[in-house]
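Owing to the predicted nature of the structure, the values given are computational and were not obtained by experimental measurement. Basis for what follows: all heavy atoms, side chains included, without hydrogens, waters or symmetry-related copies.
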Amino acid sequence: MTTAAPSIQFYNSLSHGLEPFALPADRPVTIYSCGPTVYDYAHIGNFRSFLFADLIRRFLEATGAEVRHVMNITDVGHMTEDTGEDKMAQAAKKLAEKKKADKKSGTVEEGQVEDPSDPYQIARFYEDAFLQDALTLGMRLANEPENIPRATENVEGMLAMIHELLASGHAYKSEGGVIYYSVESFPEYGKLSGNTLDQLVAGQGGRVSEDEIAGKRHPADFLLWKPDTSHIMKWDSDLGTGYPGWHIECSVMARRLLGDTIDIHTGGEDLIFPHHECEIAQTRGATGEDRFASFWMHARFLMVEGAKMSKSKGNFYTVRDVLGGKVTGRDVHPGVLRYELTKSHYRANMNFTVKGLQDSAAAVRKLIEFKARLKAEAGDATAEVDNSHPAVSGFLAALGDDLNMSGALGVLFPWVGGSHPDPAESLAAFEIIDSVLCTDPSADPADGESTGGFDPTALCKQIDEARAAKDWPAADAARDELKAAGYEVRNDPSGTVAVKELA
RNA sequence: GGUGGUGUAGCCAAGUGGUCUAAGGCAAUGGAUUGCAAAUCCAUCAUUCGGCGGUUCGAAUCCGCCCACCACCUCCA
């Protein structure tokens, strides 16, 4: 399938440098991505990180590799800091209030939670919402439920691993039966984050309470199991009825579905410490292997209009917000949001702006129309193209250099703008490139956009008639109406055509 | 205080010792086209790479210092 696999190198957070990535010869590439917590809708920052993982996968698949990609759903509610209230419990309260309000106004939403006091229903509600968003934005994983494990369905496995860690001396039982991982039992603790144990002195960040370190042998020791019957989600076990620590789920699910060692582990930069540091300690403590993931890859955070995204600043956007026009004032094509979130380098902070979104819309439209044009010109002709095609090999070679998307787009656009004497061949080449970019994730040949009673073709006809009669004011009025509704008005040789703006 | 990362035109950004008086995209400007626009096509658009020193025949690229921004050290993609 591939004749010219590009050489690949990725930045490895573990070694703090670029390293060559070799495709395994006789098995799929294994990727584990830390997935969403499901007590709220996922926001665009979450999706920058998830789409970054999807990009790695699509790129590797374009080079001919087979990929097994797993992403967990964290449906266990963890404690919030101040109130000690569980996040799932908070979500329950919120949904209950919303339900009450909706009932009052009679606007009961579809797919709503029947019993907001049931944490499992809440988790499933937001999980479904997440998967819908993931599907809309073209995440390949979204179609593979077998690769999307839930934490709550893996508690048995967590208990099993905790027992392994207790047996091997990496874990110990403290006051009240609380099980901690002993970081001092794992000499390489701190290698990923650069935080060595003596630097992690208690309270260095001023944010760890005295209570929290009581009962620990070392302040950096972390929770594996807590017997606690007051928690909203709890499980019976020989370690006492309670709940697991939040790091253990990923160690267990990655091992169960991908094996003792994996090729790539991804997540947001905030997960480097402590989450991934702890995952390494747990997994290696249990497996005895010399590594957990060969490559650790982390996406930098997204900013919105130059500021950290936060609800209080009013610049906090979910995927639904953006696609529904909360940012731009009109519907945004999913390919545009995907492009915007993946066009800049994953290892640099990206600044999400209205202007950036509009730029992306122009770029995406250019690519979608390019494809449509080639399709029309090629007609029934088809061509076989492999990765040695100059545009494809240039594009993939750039991505092979630590996912250099800007470099890849720097290859793509001049080629798109050039001449295409063999449209069938160019189309085949573009389809390979677009299998990575995914400019039209929800490509629907039916093109069934709802126009909400608005009829663009009728207005186009009006324009044509007015122009034929040289009634310029009437033509301009119809054109203005189309533009106000979010359409771009073009003069095609065959007549006036209205094209919906993508953002 | 500790740790990790980033700083190139109006915006997004490639480039890690000479081919860089620095790719590509968007925006902008001029022209062709148009009833006027839009779309399209052509052209223009950083002697300069956060600042200051240093190494070198030669630096955006290497070294030192400084400045700014982001993240983590609590849950967070």
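Ring-to-base geometry does not place A:Phe413 in a stacked arrangement with B:rG24 (centre distance under 5.5 Å, plane angle under 30° required).
Taking the C1' atom of each, B:rU40 and B:rU34 are spaced 12 Å apart, rounded to whole Å. Rounded to the nearest Å, the gap between the C1' atom of B:rA46 and that of B:rA14 is 14 Å.
With a cut-off of 3.5 Å on both Watson-Crick or G-U wobble distances, the partner of B:rC11 is given as B:rG25. Figure legend. B:rU16 is base-paired to no nucleotide; pairs are counted as Watson-Crick or G-U wobble with both atom distances under 3.5 Å. Pairing for B:rC62 is with B:rG54, a Watson-Crick or G-U wobble pair whose two hydrogen-bonding atom distances lie under 3.5 Å. Under the Watson-Crick or G-U wobble criterion, with both distances below 3.5 Å, B:rA68 is paired with B:rU6. Applying the Watson-Crick and G-U wobble criteria (two distances, each under 3.5 Å), B:rG1 pairs with B:rC73. Judged by Watson-Crick or G-U wobble contacts below 3.5 Å, the nucleotide B:rU47 has no partner.
The CD-P distance, from A:Glu269 to B:rG5, rounds to 11 Å in whole Å. Look at CG on A:Asn491: it is 16 Å from P on B:rU33, rounded to the nearest Å.
Here A:Ser193 does not reach the OP1 or OP2 of B:rC72: none of its side-chain N or O atoms lies under 4.0 Å away. In this model, the phosphate group of B:rG15 is approached by a side-chain N or O of A:Asn404 to a distance below 4.0 Å at OP1 or OP2. Within the structure, a side-chain polar atom (N or O) of A:Tyr11 is placed less than 4.0 Å from OP1 or OP2 of B:rG5. Look at A:Asn46 and you'll find a side-chain N or O under 4.0 angstrom from OP1 or OP2 of B:rA77. The side chain of A:Arg300 places no N or O atom within less than 4.0 Å of a non-bridging phosphate oxygen (OP1 or OP2) of B:rU6.
If you check B:rC12, B:rA77, B:rA71 against the side chain of A:Lys343, the one that comes closest is B:rC12.
No contact: A:Ile272 has no heavy atom under 4.0 Å from any strand. Within 4.0 Å of A:Gly356, counting heavy atoms only, lies no atom of the nucleic acid at all.
Note: A:Phe21 and A:Phe10 have tilted aromatic rings, judged against thresholds of 30 and 60 degrees for the angle between ring planes.
Scanning atom types as modelled, one donor and one acceptor separated by under 3.5 angstrom connect the side chain of A:Arg479 and the base of B:rA37.
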